[in-house]
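Start at 1 with the first residue, then count along the sequence. What's counted below: heavy atoms across the whole structure, side chains too, no hydrogens, waters or symmetry copies.
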Amino acid sequence: MTPKVLFAATDTAWQEYEGHLGHALAAAGIEAELSPEAGPPETVDYIVYAPSSKLKDFTPFTRLKAVLNLWAGVEHVVGNQTLRVPLARMVDQGLTEGMVEWVTGHVLRHHLNIDHALSHQSGEWVRHVPPLARHRPVTVLGLGALGAASAQALAGLNFPVTGWSRTPRDVAGIDCLSGPAGLEEALARAEILVLLLPLTPGTEDLINAAHIDQLPRGAVILNPGRGRLIDDDALLAALDAGHLGHATLDVFRTEPLPPDHPFWAHPKVTVTPHIASETRPDTASEVIAENIRRGEAGEPFLHLVDRDRGY
Ligand code: NDP
C-alpha cells in the first residue's frame, strides 16, 4: 500500500520542501502520498514534523510508523506523552556544514580580534598581532553530529581543541573528556567555549555562575546550542565584571529575542537570530526519504532519539 506522509510544519516550509521531498522519495524508490493536510489521521504512516506545527496530539494517528523531526533539536517533542512511535531527529550534511561555518567564523573573529581592525580605521598605524591558533585553546561542549564536526574543523586550523560529552568519545584530533569529572578541566582550558549540547534536564543552566567561574579570565562563549543552556543573569554578571570577554549567542530562552532584552544593547554580546545552521531542504529531504524507505523495508530507522535520555 502507498505510504501516506503528513508534512506537519508551516506553509512556507511546505513550499520549500514539497519539490525536494518528492524528488528524494522518487530517488529512494518510494511511491508515497505526500501532503500538508492530515486527512483521516488513521491513514497517516509518517509525520515529517517541525516545532512550529500545530499538531501536538499524536493519539489519533493509529497507523503511524515514525515521526521524522525536521530539526536537530527535539526538546519541543521528546516529552510528548502522546507520541508512542520512533522519533528521528535531523542529522543532515547541509545542517552540519552550516554549523561548522558559523562556529569557525565566530571563533576566528574572536581569535584574530577582527573587531579591533573594524573599529580602528583611524589612520593610525597600530600593529595588533594575534597569537597563532595553536596557542588558543578551544573547548566544544557536545561531541555529537555538530559538535564533533565543528571541533574537527577547528583542530584542522591548528586550535588545540578539547571536547566534552556525556559518555566517553573518541574523535580524531580532539582531546575528549566526558561526564561531570571532565567538565571542570574542559572549562578551565577554554579561551573560547562553544556550546553544542542539546537541551535536556541534564544540560539546562549548565553554564551557570559556578561553571562560568571555572573559565579562564577573558574567555569568550559561543552558543549555537540552545538558549536555556546558559543562565542569562550569570552570563551578564560575568561580562560586566570582566571575567568573560564576549558572548556570541545564536539561541535564546525566548525567541525571537524581545527588543528590550539586555543582550541586544550589551557591548560584549553579539546576537545572531537563530541562523547558526538551518536544515537545508535539498539534503534534509534525502535523509527523510531514506528513513521512509527504511520504514517500508522493515529496516531500522536512522538518527533515532532516545526518549529517556532526551536527545
Ligand atoms: P547530538 O545528539 O548528535 O549530540 C549531542 C552531544 O551532546 C553528544 O556528544 C552528547 O553526549 C552531548 N550531551 C548530551 N547531554 C549531555 C550531558 N548531560 N553532558 C555532557 N554531554 C552531553 O546533537 P547535534 O550535534 O546534532 O546537535 C546539538 C544541538 O545543536 C541540538 O540539540 C540543537 O540544540 C543545536 N542546534 C542548533 C542549531 C542552530 O541553528 N542554532 C541548528 C541545529 C542544532 P554523548 O556523545 O555522550 O551522547
In terms of heavy-atom contacts, does [atom1] of [X] have more than 12 from other residues, nucleotides or ligands at under 6.0 Å?
X      : atom1 : answer
Glu278 : CD    : no
Asp306 : CG    : yes
Glu184 : CD    : no

Pairs where residues 65-87 contributes a residue and the test salt bridge (charged side-chain N to carboxylate O under 4.0 Å, His left out) is met, not counting sequence neighbours: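 Qualifying pairs, neighbours excluded: Asp45-Lys65, Lys65-Glu296, Glu75-Arg226.
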
Looking at [atom1] of [X] and [atom2] of [Y], how far apart are the two atoms once the value is rounded to the nearest 0.5 Å?
X      : Y      : atom1 : atom2 : value
Phe301 : Glu290 : CZ    : CD    : 11.0 Å
Glu97  : Ser277 : CD    : OG    : 9.0 Å
Arg89  : Leu95  : CZ    : CG    : 8.5 Å
Leu222 : Ser150 : CG    : OG    : 10.0 Å
Met1   : Thr43  : CE    : OG1   : 9.0 Å
Lys56  : Asn80  : NZ    : CG    : 8.5 Å

Can [X] and [Y] be counted as having a side-chain donor-acceptor contact under 3.5 angstrom?
X      : Y      : result
His261 : Thr254 : no
Asp282 : His23  : no
Asp213 : His243 : no
Asp92  : Thr283 : yes
Asn69  : His76  : yes

Qualifying residue for side chain to side chain donor-acceptor pair (under 3.5 Å) with His111, from His135, His106, Arg136, Glu191: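 When side chain to side chain donor-acceptor pair (under 3.5 Å) is applied between His111 and each of His135, His106, Arg136, Glu191, only Arg136 qualifies.
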
Do side-chain atoms of [X] reach the backbone of [Y] as a donor and acceptor pair under 3.5 angstrom?
X      : Y      : answer
Asp250 : Ile275 : yes
Glu42  : Arg63  : no
Thr82  : Phe58  : yes
Trp164 : Gly179 : yes
Thr203 : Leu197 : no
Glu299 : Gly295 : no

If you look at every heavy atom in [X] and [Y], which pair is closest and at what distance?
X      : Y      : answer
Ala50  : Ala9   : CB-CB, 3.6 Å
Leu25  : Ala289 : N-CB, 3.8 Å
Ala24  : Ser285 : CB-O, 3.5 Å
Ala151 : Ile174 : O-CD1, 3.5 Å
Ala234 : Asn208 : CB-C, 4.1 Å
Thr279 : Ala284 : CG2-CB, 3.3 Å

Quick check: is [Y] connected to [X] through a chain of hydrophobic side chains (ILVMFWY, heavy atoms under 4.5 Å apart)?
X      : Y      : result
Leu236 : Leu229 : yes
Val271 : Leu239 : yes
Val107 : Val161 : yes
Leu70  : Ile292 : yes
Ile230 : Val194 : no

Residue pair [X] / [Y], side-chain heavy-atom distance below 4.5 Å:
X      : Y      : result
Leu132 : Asn158 : no
His128 : His116 : yes
Leu141 : Leu206 : yes
Met99  : Glu101 : no
Glu286 : Gln93  : no
Pro160 : Val138 : no
Ile207 : Ile221 : yes
Val48  : Leu6   : no

Candidate pair Arg309 and Thr200, rule side chain to side chain contact (heavy atoms under 4.5 Å, CB included), full reasoning: CA-CA 8 Å; Arg309 219 173 50 167; Thr200 70; over 6 Å; no

May I ask you to decide whether [X] forms a salt bridge with [Y], counting only side-chain N to carboxylate O separations under 4.0 Å?
X      : Y      : answer
Glu204 : Arg228 : yes
Asp175 : Arg189 : yes
Arg109 : Asp115 : yes
Asp231 : Arg253 : no

Phe61-Tyr46 aromatic ring centre distance below 6.0 Å: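 Centroid distance Phe61-Tyr46: not below 6.0 Å, so no.
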
Centroid-centroid distance, Trp71 to His274, less than 6.0 Å: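 Yes, close enough.
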
Side chain to side chain contact (heavy atoms under 4.5 Å, CB included) between Leu235 and Leu249, intermediate numbers included: CA-CA 11 Å; Leu235 176 68; Leu249 310 173; 4.0 Å; yes

Stepwise side chain to side chain contact (heavy atoms under 4.5 Å, CB included) check, Leu193 with Leu187: CA-CA 8 Å; Leu193 180 71; Leu187 292 173; 4.0 Å; yes

Residues His246, Thr248; criterion side chain to side chain contact (heavy atoms under 4.5 Å, CB included); working and verdict: CA-CA 7 Å; His246 200 94; Thr248 295; 3.5 Å; yes

Parallel, tilted or perpendicular: rings of Phe252 and Phe263 (30°, 60°):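 Ring orientation, 0 to 90° scale: tilted.
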
